[in-house]
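Before any comments, here is the structure.
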Amino acid sequence: MDSPVSKTDASKEKFVASRPSTADSKTIRGCGLANLTWVGVDKVELRQRLMMPEYLRLAMRDCIKRKDSSAIPDHLLLPGGAVADMAPHAPMVVFINPNSGGRHGPVLKERLQQLMSEEQVFDLTEVKPHEFVRYGLGCLEKVAAEGDECAKECRARLRIMVAGGDGTVGWVLGCLGELNKEGKSHIPPVGVIPLGTGNDLSRSFGWGGSFPFAWRSAVKRTLHRASMGPVARLDSWKILVSMPSGEVVDPPYSLKPAEENELDQGLDAGIDAPPLAMAYEGVFYNYLSIGMDAQVAYGFHHLRNTKPYLAQGPISNKIIYSGFGCTQGWFCTPCVNDPGLRGLRNIMKIHIKKVNCSQWEEIAVPKNVRSIVALNLHSYGSGSHPWGNLKPDYLEKRGFVEAHCDDGLIEIFGFKQGWHASFVMAELISAKHIAQAAAVRFELRGGDWRDAFLQMDGEPWKQPMSTDYSTFVEIKKVPFQSLMINNE
């Protein structure tokens, strides 16, 4: 039987770009140096390209410090405003998570300040992204409104780099998304300096998968590329978790209490819906998963939070993670378990909406699938491609289209158990394809299962389940797209 994965397309990335032709190209990409121009970048020219005029930098700094976008000292404003020619070609700010990247965080911050300016590098432990959006960008907009053409051009040309992991990037993107809700134009595009563990957002847009060893020169080249890289679009997905009122749940940081329980009324929950419900909502950019992989992640995160001395580095983290996978039955379900409880089909129903369709359709949960993932990006689990690059004949047979992160569709697939997941992540086989959808609703119902485990962009939580009423997890596309700098 032919594989659904195309051998000729298996090496293609979602964004195709020129790559080094040497045998070490894969290693280079993994170290975050992919697609960088191997030509020296002049430090002075780069600084001129990125650095905003001093009066604007200081005005933004003061507004952020005072948390008031109008708190601009008069002595910082130029009489009559500055002309547009004073604006740099690609004004840029950088958010850095000093807790990421091991010991490199503080020295990387110092290096970035040398290449740009101190006022354009923001430590996320001191300045939060929403503070920059509200007060920093607000300051630029206020100065521009008073006739300053330089401020107007800086606001229009502004680009943002995020030095951190996928969670940090998502945090910044979420705050920038507020500008869309307010009807603002010129949303700054975002690039990545990968400091996290998986770095799948970074990989998907060509910024590599890890912090480079030759980081001093690589950072300079990265900023240069970010100043002129093309802008790509990224879908984001809103999740609504509706559960029976009275259930105790400890949601991750990215889930907030919802003001209203806005489940799609086009699909009647009927007698399974609780008479009183509470809801949480959030946004994800990479994936949502339900099942055993989330349970293993939950156990690992809980141990790391309670006993941080056990998780001191990537090697020890992987050993502990693997241990959780074995003890919790991810690789071998204990024989004493009821075989009927091994698959998610015992507690789950799935309904989807296909593209350009207003009707919900129920789809079968495959037998023996113990983990289900709704994936937005091409990259998952530190650079693997579980959906695969599928053959045209297989796509047509299943009613699928080629997957992209800006196509308004989310891919849903399953893992049977740890061994199956391992072969999928090694790209020896593809995952169990379930559906491709414009909206998804998972319905979870208890019984002998008291809890389900979920994770969203790496943040796991334990979701209590009722035996009397269902818990609903609904995923819909956010109306606007995020802008990313693509490192082609």
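Throughout, numbering of the chain's residues begins at 1 and tracks the sequence. Just so it is clear, the model here is predicted, and its values are computed rather than measured.
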Note to self: Between Glu281 and Lys256, does the salt bridge (Lys or Arg N to Asp or Glu O under 4.0 Å) criterion hold? Intermediate values first, please.
What the structure shows: CA-CA 5 Å; Glu281 63 182 0; Lys256 307 296 182 185; over 6 Å; no

In Å and rounded to the nearest 0.5 Å, what is the [atom1] to [atom2] distance from [X] to [Y]?
X      : Y      : atom1 : atom2 : value
Leu240 : Tyr280 : CG    : OH    : 12.0 Å
Ser289 : Leu454 : OG    : CG    : 7.0 Å
Arg445 : Met348 : CZ    : CE    : 14.5 Å
His130 : Glu178 : NE2   : CD    : 10.5 Å
Arg203 : Leu201 : CZ    : CG    : 11.5 Å
Ile434 : Glu411 : CD1   : CD    : 12.0 Å

Contact between [X] and [Y] at the side-chain level, heavy atoms closer than 4.5 Å - yes or no?
X      : Y      : result
Val478 : Trp237 : no
Gln436 : Ile412 : no
Phe122 : Val94  : no
Asp123 : Asn97  : no
Val127 : Leu124 : no
Leu375 : Pro386 : yes
Phe132 : Met60  : yes
Phe284 : Ile475 : yes

Determine the minimum heavy-atom distance between [X] and [Y], stating which atoms define it.
X      : Y      : answer
Thr471 : Pro464 : OG1-O, 3.9 Å
Gly209 : Pro194 : C-CB, 4.3 Å
Cys63  : Ala71  : SG-O, 3.8 Å
Lys142 : Ser69  : CD-O, 3.7 Å
Asn487 : Gly206 : ND2-O, 2.9 Å
Glu443 : Ser470 : OE2-OG, 2.7 Å

Next item on the list: Could you point out which residue of Val133, Ile160, Val93 forms a side-chain contact (heavy atoms from CB on, under 4.5 Å) with Pro188?
Entry: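 So the option named by the test is Ile160.
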
Item checked: Option from Val283, Leu288, Val241 for which side-chain contact (heavy atoms from CB on, under 4.5 Å) with Met456 holds ->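 Per the side-chain contact (heavy atoms from CB on, under 4.5 Å) rule, the option paired with Met456 is Leu288, out of Val283, Leu288, Val241.
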
Tell me whether [X] at atom [atom1] has more than 12 heavy atoms from other residues, nucleotides or ligands lying less than 6.0 Å away.
X      : atom1 : answer
Glu260 : CD    : no
Lys349 : NZ    : no
Lys477 : NZ    : yes
Gln359 : CD    : no
Phe480 : CZ    : yes

Between the side chain of [X] and the main-chain N/O of [Y], is any donor-acceptor distance below 3.5 Å?
X      : Y      : result
Ser202 : Gly208 : yes
Arg233 : Cys405 : no
Trp207 : Ile485 : yes
Asn376 : Asn286 : no
Asn486 : Ala232 : no
His433 : Trp387 : yes
Glu131 : Lys128 : yes
Arg159 : Ala226 : yes
Asn199 : Gly165 : no
Asp200 : Ser382 : yes

Next item on the list: Would you check, one step at a time, whether the test side chain to side chain contact (heavy atoms under 4.5 Å, CB included) holds for Asp293 with Phe453?
Entry: CA-CA 8 Å; Asp293 68 321; Phe453 291 86; over 6 Å; no

Margin query: With side chain to side chain contact (heavy atoms under 4.5 Å, CB included) as the criterion, how do Leu195 and Leu108 come out once you've worked through the C-alpha distance, each side chain's angles and the decisive distance to 0.1 Å?
Written below: CA-CA 11 Å; Leu195 298 184; Leu108 176 60; 3.9 Å; yes

Margin query: Between Ser70 and Asp68, do the side chains contain a donor N or O and an acceptor N or O under 3.5 Å apart?
Written below: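 Note: Asp68 and Ser70 side chains meet the donor-acceptor criterion.
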
Note to self: Side chains of Glu362 and Trp360: any donor to acceptor distance under 3.5 Å?
What the structure shows: no

Notebook entry, point to check: Hey, which of Lys391, Lys397, Arg398 is the one that makes side-chain hydrogen bond (donor to acceptor under 3.5 Å, both in side chains) with Tyr394?
Noted result: Arg398

Checklist line | Lys353/Asp264 salt bridge by N-O under 4.0 Å criterion | finding: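 Yes, Asp264 and Lys353 are salt-bridged.
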
Next item on the list: Decide, yes or no, whether a salt bridge links Lys238 with Glu474 under the criterion of side-chain N to carboxylate O below 4.0 Å.
Entry: no

Check: Which is it for Lys184 and Glu141 under the side chain to side chain contact (heavy atoms under 4.5 Å, CB included) test, yes or no, and what are the steps along the way?
Finding: CA-CA 10 Å; Lys184 299 288 184 66; Glu141 292 168 356; 3.3 Å; yes

Next item on the list: In sequence, state the C-alpha distance, the side-chain angles, and the governing distance for Ile410 and Asp235, and then conclude on side chain to side chain contact (heavy atoms under 4.5 Å, CB included).
Entry: CA-CA 9 Å; Ile410 196 163; Asp235 289 335; over 6 Å; no

Next item on the list: Show your working on ring pair (Phe, Tyr, Trp, His ring centres under 6.0 Å) between Phe442 and His351 and close with a plain yes or no.
Entry: CA-CA 7 Å; Phe442 298 103; His351 289 83; over 10 Å; no

Notebook entry, point to check: With a cut-off of under 6.0 Å to the ring centre and 45° to the axis, is Arg441 in cation-pi contact with Phe472?
Noted result: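 Checked: cation-pi criterion met.
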
Margin query: Would Asp468 and Ser466 count as a side-chain hydrogen bond (donor to acceptor under 3.5 Å, both in side chains) here? Give the steps.
Written below: CA-CA 5 Å; Asp468 298 321; Ser466 168; 4.6 Å; no

Note to self: I'd like to know whether Tyr285 forms a ring pair (Phe, Tyr, Trp, His ring centres under 6.0 Å) with Tyr287, so could you lay out the CA-CA distance, the side-chain angles of the two residues, the decisive distance to 0.1 Å, and finally the verdict.
What the structure shows: CA-CA 6 Å; Tyr285 300 88; Tyr287 70 92; over 10 Å; no

